Amino acid sequence: MSLNFAQKNAVKLITGPCLILAGAGSGKTKVIINKIVYLIKYGAYKSHNIAAVTFTNKAAYEMRTRLSKHLNILKTKNINISTFHSLGLKIIKHEIKSLRFHDNFTLFDEKDQISLLKKICNKETKNNITLLKKISFQISFWKNQFYTPEKVKSLAKSAVEKYFSDIYEKYNTCLYELNSLDFDDLICLPTTLLKENKEIKNRWQTKITYLLVDEYQDTNNSQYEFIKELTNTQSNFTLVGDDDQSIYSWRGANPNNIFLLKKDFPNLKIIKMEHNYRSSGRILKAANSLISNNMHSLKKTLFSQLQYGKFIQIIIAENEEKEAEKIAKKIFLQCSKKKLQYQDYAILYRGNYQSRILEKVLIKENIPYNISENSSFFSCVEIKDLLSYLRIIINPNDNAALIRIINIPSRKIGSITLKKIEKYTTKQKKSLFDAINDIELEKIINKKTIKKLKDFIDLIQEFIDLADIAPYKILDKIIHDIEYEKWLYKSLKDPKKIQKSINNIYTLSEWLKNMIQGDELEKPMSLSKIITRMTLRDIVTKNTKKQSDNNKVQLMTLHASKGLEFPTVFMIGMCEGVLPNQKSIHNNNIEEERRLTYVGITRAKKQLFFTYCCKIIQYGKMLYTSPSRFLFELPQEDIKWEKNIFKNNFDR
DNA sequence: GGCATACAGATTTTT
DNA sequence: TCTGTATGCC
C-alpha cells in the first residue's frame, strides 16, 4: 500500500502525542490501519497493548475487518478496537470492586432515563416532555463536566437550578439503587476512577501503551478527559480528526478539543493530510470555498490531483414534488444511458422528513432506492418489551424493565396497583420485584391483584432459573410463554405493523443465536453480556447484502453520510430555513450547518447537484423560501444555476 | 383497563 | 399535516 509524504509521517510517528488533521477523503482510515500495523511490526508495540477507539460500532467493526487483511487473526483479535463506551464498560467491569455497583448492572438508554426522571419529578414537570428532556440534557452535561450532585447543589443559585440539581441527586441515587448506569457513566466513572486511583491508573496505562482515536473532533469533554487519563504519563497516542467535519456539537461534542490538545500536550506533533483522493478539483474547490467562511485556528486546504471535472449544477424547482421529479428524471436518464448505475447516486438531506416526497416520487418512477435505516430497531416496542424481560432476568431490581412489562401482555395490573407498590417500596427501600413478595402488601392491595402479582413474579422466577441455557432459547421461551405474538395481534391491529414487529422479533432471535463468545468455540455469550451489548447498540451488521440487490439509489441524512462517498451526490432542500436550518439561524449556529454542507459536498467524487425549491410545505403550511446562503458561498464560476432569472433575483 | 379524543410539537441521533 | 402522547370517559 503506497502512502504519500504526510501519510508516511503520520504512520511513522509512534512516540509522543500525535494529532492527524485529516481532511475529507485524505485516506484517514488507511493511515490508521497502516499505523497499527507499523506499531506492531516496527514499533515494538504488542498487539494487546494497542487500543483503537471509535465512536460507532460500525467504525470499530470496519477497522477490525480492514486490519484483519494485514495482520494474522490472533494479532487482530488482541488489539482492543472498540467504541468509547465499550472501552469504558470494559474498565468498569474490570474494576467493579472499586465501584459501588454490582457486576450485573443494567444500562439505561435515553428512554429509560426519561421514564426514571418522570418518576422523580413533580407532576407539572412529569407531563412536560420538553422540560424532561432539558433536565436529562442538563444532567448529562453535569456528568460530562464531572460535577457531582453535591457540587451542583452547592453551586445552585436560582430556584430552577436548585430544582434541577435536586433531581440530579435523586436521579443518581435511583440509578444506584436500581444497580443501573447510564451512557454518560460509562465514560465518566472510569475516568474518575483513573483520576483518583493510582493503582488502577497504573494498571490501565500498562495495559494500553498506545492509543488511537478516530473522529477526534466528535469527542466531548469527558471523553477528552478519558483519553488524557489513559495516556497521561507516556502520551503515546494518535488522534485523528477533522474540525471541519464536526457535526455533532448538539450532542455535546466539543470541536475545540482539537485545540485544547496543543495546550495540554506542548510537544504535540500535528500532521496535516490535505491531499484528497476522492473528489474532482472543482468539487474540492467548492468545498474549500464554502468552509473558508468558518473560523479556523488551524488552516487546512484540500487539494486534488484528479480531473477538474464537471460543473456543479443547481437545480431549481417550483416545489418539493417537482424537485424530486427532476432528480428522478436525471438519475433515470443517466442510468438508462448505462453511464452509471443506481448505486452510484446518493440523495442527501438535512432531516429525515425530507425523504417522504422523494420516496413517493422514486416509487412512481420505478427507481430502486435504499433508505439508510437509523437505529430505530431498538426503540421498537416489541424489542424494548422483550429486552425488558431479559433485563429483569439478569437484574430483578431493574424497576424500569419491570414497570414496562408487568402488564405486557395485559395481566390486569394497572397503574393504581403499581403506584401502591411504588409508594411502599420508597418507604422500604426495596425494588419492586422484591416488594411484591412481602406480606405487608396484602394490607393495601386486594387479594385478586396480589395473586396476579405473584403469578407474574413466579413467571419471571421461572425464567431466572433458566439463566444457564442459551440466551436465544430463553427468549424463545419467553415469547412462547407469554404468548407475545397473540398480544401483538391484539394490541397493534394494523397487519402491516404486526408483520414488521414479528420480523423484528425474528431478527432479534436470530441475532441472539449468532452471539457466540469470541474466545471459546461455539460457546454462547452470557445473557448479561448480550443485554449490555444490545444497549450499546453493538449490533454487528455484516454487509451480507447481495451485490445484485444492492443497486439502489442511496437516500440518507447529511449526518448519516459522513465517512461515505458516491460518484454523484444530490443535496436537496438547499434553502434558508432547511439548510441552514431555521433553529440554527435563530441560535446563530451557522458554522455547524456550514460544516454539514461541507460534509455533503465532500461526499461527491465526480458530480455534484444542489437542488433548491421555491415553495416548501412545512407543518402543513406553504412557505416561500430563498436559496441557501451557502449556495452563494460557492465559487460561482464553477456553478451552473439552472435558470438565470432565479440567480438574478436572489443574487446579493 | 381500554378506547376515543384533544393537543402539542415537529433537526440531526455515534452509545 | 402528521404523529405520538396525555387525558377523560365508559
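Computed from a prediction, not measured in an experiment: that's the story for all the values here. A note on names: the letters A, B, ... follow the listed sequences, proteins ahead of strands, and every chain is numbered from 1.
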Polar-atom pairs under 3.5 Å, protein N or O versus N or O of nucleotides 4-10 of chain C: list them with distances, or write none.
from	atom 1	to	atom 2	distance (Å)
C:dA6	OP1	A:K118	NZ	3.1
C:dT7	OP1	A:N127	ND2	2.9

Item to complete: Check whether NZ of the Lys or CZ of the Arg A:K195 lies under 6.0 Å from the centre of the six-membered ring of A:F226 and within 45 degrees of that ring's axis.
Response: no

Item to complete: Round to a whole Å and report the spacing from CD1 of A:I187 to C1' of B:dT15.
Response: 8 Å

Discussion item. Categorize A:E110 for me: base, sugar-phosphate, or nothing, with a 4.0 angstrom heavy-atom threshold over every strand shown.
Written reply: base

Worksheet item: A:K583 and A:N589: side-chain hydrogen bond (donor to acceptor under 3.5 Å, both in side chains), yes or no, with the steps?
Response: CA-CA 8 Å; A:K583 278 214 174 110; A:N589 194 14; over 6 Å; no

Practice prompt. Map A:R350 and A:S86 onto DNA chain B by nearest heavy atom, then report which one ends up closer to the 5' terminus.
Written response: A:R350

Discussion item. Can you check the distance between B:dT12 and C:dT5, where both ends of the measurement are the C1' atom (answer in whole Å)?
Written reply: 23 Å

Discussion item. Ring centroids only, cut at 6.0 angstrom: are A:H559 and A:Y248 within range, meaning strictly under it?
Written reply: yes

Worksheet, complete the sentence: On a heavy-atom basis, the closest approach of A:F183 and A:T535 is CZ-O, 3.3 Å

Fill in: Contact summary for A:M574 and A:T597, nearest pair of heavy atoms
CE-CG2, 4.2 Å

Discussion item. Let me spell it out: for each of A:L186 and A:K583, pick the nucleotide of DNA chain B with the closest heavy atom. Which residue's pick is nearer the 5' end?
Written reply: A:K583

Discussion item. Between C1' on B:dT12 and NE2 on A:H559, what's the gap in Å once rounded to a whole number?
Written reply: 4 Å

Item to complete: In whole angstrom, give the distance that lies between atom CD of A:E592 and atom P of B:dT13.
Response: 12 Å

Item to complete: Quick one: label A:Q223 by what it contacts on the DNA or RNA (base, sugar-phosphate, nothing), any heavy atom closer than 4.0 Å.
Response: nothing

Worksheet item: Looking only at N and O atoms, is any donor in the side chain of A:R356 or the base of C:dT1 less than 3.5 Å from an acceptor on the other one?
Response: no

Worksheet entry | Test log, rule side-chain hydrogen bond (donor to acceptor under 3.5 Å, both in side chains), inputs A:S501 and A:E382 | CA-CA 6 Å; A:S501 290; A:E382 60 277 12; 3.3 Å; yes

Worksheet item: Counting side-chain heavy atoms from C-beta on, which of B:dT15, B:dG2, B:dT14 comes nearest to A:Y248?
Response: B:dT14

Practice prompt. Would you classify A:T54 as touching base, sugar-phosphate or nothing, given that sugar-phosphate means primed atoms plus P, OP1 and OP2, and contacts are heavy atoms under 4.0 Å?
Written response: nothing

Worksheet item: Between A:E591 (CD) and B:dT12 (P), how many Å, whole number?
Response: 22 Å

Worksheet item: What nucleic acid atoms does A:D218 come within less than 4.0 Å of, heavy atoms only: base, sugar-phosphate, or nothing?
Response: base

Discussion item. I'd like to know if A:D455 and A:R411 make a salt bridge, using a cut-off of under 4.0 Å between side-chain N and carboxylate O.
Written reply: no

Worksheet item: CE of A:M571 versus P of B:dT12: gap in Å, rounded?
Response: 15 Å

Worksheet item: Within the pair A:N352 and B:dT13, is there a side-chain N or O less than 4.0 Å away from OP1 or OP2?
Response: yes

Discussion item. Looking at the base of B:dT14, is there any donor atom on it, or on the side chain of A:R251, that sits under 3.5 Å from an acceptor on the other one?
Written reply: no

Item to complete: Quickly work out the A:E215 CD to B:dT15 P distance and round it to whole Å.
Response: 12 Å

Worksheet item: Within less than 4.0 Å of OP1 or OP2 of B:dT13, is there a side-chain N or O belonging to A:T557?
Response: yes

Worksheet item: Partners of A:K28 by side chain to side chain donor-acceptor pair (under 3.5 Å), sequence neighbours excluded?
Response: A:D214, A:E215

Practice prompt. Please report, rounded to the nearest Å, how far the P atom of B:dG9 is from the CD atom of A:Q582.
Written response: 18 Å

Practice prompt. Rounded to the nearest angstrom, tell me the gap between atom CZ in A:F84 and atom P in B:dT13.
Written response: 20 Å

Worksheet item: Between A:Y619 and B:dT11, does any side-chain N or O lie under 4.0 Å from OP1 or OP2?
Response: yes

Discussion item. On the nucleotide B:dT12, are OP1 or OP2 found under 4.0 Å from the side-chain N or O atoms that A:N581 carries?
Written reply: no

